[in-house]
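When reading the values below, keep in mind they use all heavy atoms of this one structure, side chains included, and skip hydrogens, waters and symmetry mates.
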Amino acid sequence: MGNYPQVDTVIDHIPDHVAIIMDGNGRWAQRTGKERKDGHQEGMEAIRRVSIRASERGVKVLTLYAFSTENWKRPPQEVKFLMQLPVKFFDRFVPELQENNIRVNMIGFKDKVPGSTKKAIEKAIDETKHNTGMVLNFAFNYGGRAEIVEATKSLFDKITSGELNKKDISEEIFQAELLTNSITPYDNVDLLIRSSGEQRLSNFLLWQNAYSEFYFSKLFWPDFTGEILDKALLDYQNRSRRYGAI
């Protein structure tokens, strides 16, 4: 994994909402001569490390792209393994999340998720619901385009029923229909991190990333540490966010 220097600089001006595209588990496994499932297993350990550090730094919401609506196209055995990872993760790490006052949340489409996976996620959400610290928000069976389509359908139904008038629709009204309404007021992403050297959104939080700052790392996700997160946070501190103004 390599030795990364400890970042000693005091970090302030922390982004409220950090989102991470956790990419490169398979390539990490290939590089180290292991199976893809080993890469996903190591990626789970990286989730623990980065989540704890984000909580310590004062991040309000950490959203992790755990499984996309496109990931169903992967080989059935790999999909089956990925569906078991939440069960393993929460079984091992909920006590540590509790110790760090971290609350679990999920955004995504639950209808296609296997019962055992859904049960593990819902159990973790329930066990941590009284925690008042950082929200660890898993985007599981999530897709940005599908989210926008479903929000549009919901607004159409409200207009058809007379609950809402078309002229009343605003960005705020539309955003309230998105899956991230469960993490209000931190719906919008401040800092987007992607591992493995890829530089694209991959259908992740398309609306919410409209004004986010991007940080790309060439490291594969299993190699991520708290120190690497610190580097991204320090980089964010040096950005000037003008939202279209001067």
Side-chain angles (χ1 to χ4, degrees), residues 11-22 43-68 85-110 113 117-144 147 150-151 172 175-195 201 204-215 221 224 226 228-230 232-233 236:
I11 296 181
D12 55 12
H13 183 50
I14 297 295
D16 289 326
H17 185 172
V18 176
I20 303 180
I21 300 175
M22 306 179 293
M44 190 171 72
E45 296 292 333
I47 290 176
R48 184 190 67 82
R49 294 192 297 267
V50 172
S51 298
I52 298 302
R53 180 59 62 90
S55 175
E56 291 171 348
R57 292 307 189 195
V59 172
K60 301 292 194 303
V61 176
L62 178 64
T63 298
L64 303 177
Y65 205 7
F67 190 89
S68 78
L85 283 181
V87 179
K88 295 177 181 178
F89 179 84
F90 292 127
D91 184 56
R92 287 181 59 187
F93 297 129
V94 163
E96 195 167 1
L97 297 179
Q98 294 279 40
E99 289 174 14
N100 287 273
N101 196 29
I102 294 172
R103 178 168 69 86
V104 175
N105 191 58
M106 173 194 165
I107 59 171
F109 303 98
K110 295 181 180 179
V113 176
T117 309
K118 191 186 307 182
K119 183 178 179 181
I121 295 171
E122 290 174 347
K123 183 172 181 285
I125 290 172
D126 184 65
E127 289 179 348
T128 62
K129 65 183 178 183
H130 297 300
N131 293 345
T132 57
M134 187 187 78
V135 176
L136 180 55
N137 185 41
F138 287 93
F140 199 84
N141 195 29
Y142 171 87
E147 177 186 35
E150 291 304 313
E172 291 73 24
Q175 183 156 313
E177 297 295 328
L178 297 175
L179 296 173
T180 43
N181 63 9
S182 61
I183 53 173
T184 300
Y186 306 115
D187 318 40
N188 294 318
V189 178
D190 297 301
L191 174 63
L192 173 74
I193 300 170
R194 181 164 187 158
S195 58
L201 278 176
F204 183 47
L205 298 173
L206 300 179
W207 176 282
Q208 299 87 342
N209 273 308
Y211 280 102
S212 62
E213 298 294 326
F214 290 3
Y215 182 88
W221 176 245
F224 256 64
I228 300 304
L229 176 66
D230 280 347
L233 295 177
Y236 173 85

(message) Checking Glu150 now: which residues fulfil side-chain contact (heavy atoms from CB on, under 4.5 Å) with it, not counting sequence neighbours?
(response) Phe109, Lys153

(request) Any chance you could measure Ile193, atom CD1, to Ile20, atom CD1, to the nearest 0.5 Å? (result) 4.5 Å

(message) Is the shortest side-chain heavy-atom distance between Val18 and Val61 below 4.5 Å?
(response) no

(request) May I ask you to test the Lys60-Val135 pair for a side-chain heavy-atom distance under 4.5 Å? (result) no

(request) Enter the distance from Asp187:CG to Asp16:CG here, rounded to the nearest 0.5 Å. (result) 11.5 Å

(message) Tell me whether the rings of Phe204 and Tyr142 are parallel (<30°), tilted (30 to 60°) or perpendicular (>60°).
(response)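 The arrangement is perpendicular - the two ring planes meet at more than 60°.
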
(message) So, using side chain to side chain donor-acceptor pair (under 3.5 Å) as the criterion, who are the partners of Glu99 when residues are at least two apart?
(response) none

(message) Tell me every residue that passes side chain to side chain donor-acceptor pair (under 3.5 Å) with Asn101, counting only those two or more places apart in sequence or in another chain.
(response)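 Side chain to side chain donor-acceptor pair (under 3.5 Å) check on Asn101 returns Thr132.
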
(request) Rounded to the nearest 0.5 Å, what's the gap from CG on Leu201 to CG on Leu192? Could you check? (result) 6.0 Å

(message) Are the side chains of Leu233 and Pro15 in contact, using a 4.5 Å heavy-atom criterion?
(response)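 With C-beta onward as the side chain, the pair touches.
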
(request) Test Ile47 against Trp221 for side chain to side chain contact (heavy atoms under 4.5 Å, CB included), laying out the working first. (result) CA-CA 9 Å; Ile47 290 176; Trp221 176 245; 3.9 Å; yes

(request) Mind checking the CG-NE2 spacing from Asn209 to His17? Nearest 0.5 Å is all I need. (result)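 Going from the CG atom of Asn209 to the NE2 atom of His17 covers 8.0 Å.
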
(request) Ignoring hydrogens and angles, state whether a donor on the side chain of Gln175 or Asn181 is under 3.5 Å from an acceptor on the partner side chain. (result)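 Gln175 vs Asn181: no donor-acceptor pair found between side chains.
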
(request) Indicate whether any N or O donor in one side chain lies under 3.5 Å from an N or O acceptor in the other, for Asn105 and Ser182. (result)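 Yes, side-chain donor-acceptor contact under 3.5 Å.
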
(request) List the steps and the verdict of salt bridge (charged side-chain N to carboxylate O under 4.0 Å, His left out) for Lys119 and Glu122. (result) CA-CA 5 Å; Lys119 183 178 179 181; Glu122 290 174 347; over 6 Å; no

Can you give the donor-acceptor pairs under 3.5 Å from side chains of residues 86-94 to other protein atoms, not counting sequence neighbours?
residue: Arg92; atom: NH1; partner: Glu45; partner atom: OE2; Å: 3.0
residue: Arg92; atom: NH2; partner: Glu45; partner atom: OE2; Å: 2.9

(request) Might you point out which heavy atoms bring Leu85 and Met44 nearest each other, and give the distance in Å? (result) O-SD, 3.8 Å

(message) Going by the rule side-chain contact (heavy atoms from CB on, under 4.5 Å), which residues pair with Ile125 if we only count those two or more places apart in sequence or in a different chain?
(response) Val104, Met106, Ile121

(message) Lys118: which residues meet the salt bridge (charged side-chain N to carboxylate O under 4.0 Å, His left out) condition with it, sequence neighbours left out?
(response) none

(request) Could you list all the salt bridge (Lys or Arg N to Asp or Glu O under 4.0 Å) pairs where at least one residue sits in residues 127-141, not counting sequence neighbours? (result) Lys123-Glu127, Asp126-Lys129

(request) Determine whether Leu64 and Ser51 make a side-chain contact, defined as any pair of heavy atoms from C-beta on separated by less than 4.5 Å. (result) yes

(message) How long is the straight-line distance from CD1 of Ile107 back to CD1 of Ile183, given to the nearest 0.5 Å?
(response)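 CD1 of Ile107 is found 6.0 Å from CD1 of Ile183.
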
(message) Checking Tyr186 now: which residues fulfil ring pair (Phe, Tyr, Trp, His ring centres under 6.0 Å) with it, not counting sequence neighbours?
(response) none

(request) Not counting sequence neighbours, which residues clear side chain to side chain donor-acceptor pair (under 3.5 Å) with Lys110? List them please. (result)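 For Lys110, no residue satisfies side chain to side chain donor-acceptor pair (under 3.5 Å) once neighbours in sequence are set aside.
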
(request) List for me each residue that meets side-chain contact (heavy atoms from CB on, under 4.5 Å) alongside Ala66, sequence neighbours excluded, and say none if there are none. (result)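 Only Met22, Phe138, Phe140 meet the side-chain contact (heavy atoms from CB on, under 4.5 Å) criterion with Ala66.
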
(request) Working to the nearest 0.5 Å, report the span between CZ of Arg53 and CG of Leu62. (result)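 Rounded to the nearest 0.5 Å, the CZ-CG separation comes to 13.0 Å.
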
(request) Report the residues that fulfil side chain to side chain donor-acceptor pair (under 3.5 Å) with Thr180, sequence neighbours left out, ordered by chain and then residue number. (result) Gln208

(message) Using side-chain heavy atoms (C-beta onward) and a distance below 4.5 Å, is Leu191 in contact with Val59?
(response) no

